[in-house]
Amino acid sequence: MKVSKVEQALISPRYLAGPGAPEWVTAALHAGAGWRHGQDPLVPRVILSSPDQKSMLRLEPSLSEPWWHLSHRDGRTGAQWQASFDGATPVELIAAVTDALTHPDYNARAMAEPYKLLMRAGWEVASSSDFRSPDSRVRGERHNYSGSTDWRITASLYADDPVWKARFSGATPRVLVAAFLAALSDPEPVLRSHEQTQGLSLHRITMRWRERPAESVAQALPERIEQLAARRASPLPPAPPTPPSTRRHSR
């Protein structure tokens, strides 16, 4: 029996590959991580909230504002932070953040150092904490605003011609910023369909086409959801035993 195949493009650098399918983020959060949605299906807007109601993702197309807004507010501790991403931000980068946020041991994970990830990938990091990609198409900076230092990352085709911007407030957990920068600097290409390559700047990217079984392409998102759901259902590994005290007791 003849296997049906479709062509997909492998595009690098990934930060200029176009947005991709938003379901890679939204469907994964809903079906894989248990986030709830309550949007009107007739409105081109998605609002998802975490099971504990502390985190929210809003996707709303806009001509002049970021499309993606991720926020967190903990009324008990007072902790709050926000992140936003323009509409052309590749979904793989946004998914890296939401995957890290919904990881079962998110609160116990070690604090990552974002700049080390970039330097290992060959990116230039200045002493001022600004950074840029080897091709200078992506630039990032720590921006001091009203006493709070936030992150601002911009991908551009030309100077003063941004393709997308991402922003993280100063209180955003470092592990989430590190997840975004790790995905951003990953040299692996990302996959796009024919429709998703329309309008890309072909002289700024490398694009290779390959045929893949149609069934495999169709199963990519369900498999991702299944993996996230399995991760959520898996019990956390037990904490290491507390070492016995070596302190001497006085009589």
Side-chain angles (χ1 to χ4, degrees), residues 19-62 65-87 89-112 114 148 150-151 153 166-184 186 190 218-240:
E23 294 86 358
W24 197 251
V25 177
T26 57
L29 277 178
H30 173 57
W35 286 39
R36 302 171 186 171
H37 69 89
Q39 79 278 11
D40 184 336
L42 299 179
V43 176
R45 180 182 64 208
V46 176
I47 298 177
L48 291 160
S49 56
S50 61
D52 61 9
Q53 299 295 304
K54 295 177 182 177
S55 301
M56 182 176 72
L57 177 75
R58 178 166 55 91
L59 169 58
E60 188 168 11
S62 171
E65 298 292 332
W67 286 30
W68 301 84
H69 296 266
L70 181 64
S71 60
H72 178 87
R73 182 186 295 270
D74 189 328
R76 183 178 62 84
T77 65
Q80 57 181 317
W81 52 263
Q82 304 84 35
S84 64
F85 311 94
D86 285 352
T89 309
V91 292
E92 291 82 2
L93 310 187
I94 302 171
V97 177
T98 56
D99 284 1
L101 176 61
T102 57
H103 197 283
D105 64 349
Y106 161 69
N107 289 318
R109 298 178 74 186
M111 298 295 283
S148 177
D150 60 9
W151 298 76
I153 301 104
R167 305 165 186 84
F168 296 89
S169 68
T172 304
R174 227 173 12 171
V175 68
L176 301 184
V177 179
F180 183 87
L181 296 184
L184 177 68
D186 189 339
V190 294
Q219 283 299 311
L221 179 57
E223 287 176 359
R224 166 169 162 73
I225 290 172
E226 185 178 338
Q227 291 169 1
L228 290 175
R231 185 184 73 173
R232 180 174 175 234
S234 298
L236 292 176

- Query: Mind checking what makes side chain to side chain donor-acceptor pair (under 3.5 Å) contact with R58, not counting sequence neighbours?
  - Reply: E60
- Query: Are F85 and L93 side-chain neighbours, meaning at least one heavy-atom pair lies under 4.5 Å?
  - Reply: no
- Item | Presence of salt bridge, R76 and D52, under 4.0 angstrom | no
- Task: Would you check if there is a donor-acceptor pair between the side chains of R73 and S55 at a distance under 3.5 Å?
- Result: no
- N/O donor-acceptor pair under 3.5 Å between R224 side chain and W24 backbone: yes
- Message: If you count every heavy atom of other residues, nucleotides or ligands that lies below 6.0 Å from E226 atom CD, does the total exceed 12?
- Response: no
- Hey, would you say the W81 and H72 ring centroids sit under 6.0 Å apart? yes
- With the side chain counted from C-beta on, respond yes when I47 and L57 share a heavy-atom pair under 4.5 Å apart, and no when they do not. no
- Might you work through the side-chain contact (heavy atoms from CB on, under 4.5 Å) test for T172 and W151, ending with a clear yes or no? CA-CA 9 Å; T172 304; W151 298 76; 5.8 Å; no
- Verdict with reasoning, S50 to R36, per side chain to side chain donor-acceptor pair (under 3.5 Å): CA-CA 7 Å; S50 61; R36 302 171 186 171; over 6 Å; no
- Task: Taking T26 for its side chain and P22 for its backbone only, find out whether a donor-acceptor pair lies under 3.5 Å.
- Result: yes
- Message: Under a 3.5 Å distance rule, please check whether D86 uses its side chain to pair with a backbone N or O of T89 as donor and acceptor.
- Response: no
- Are any non-hydrogen side-chain atoms of T102 and R231 less than 4.5 angstrom apart? yes
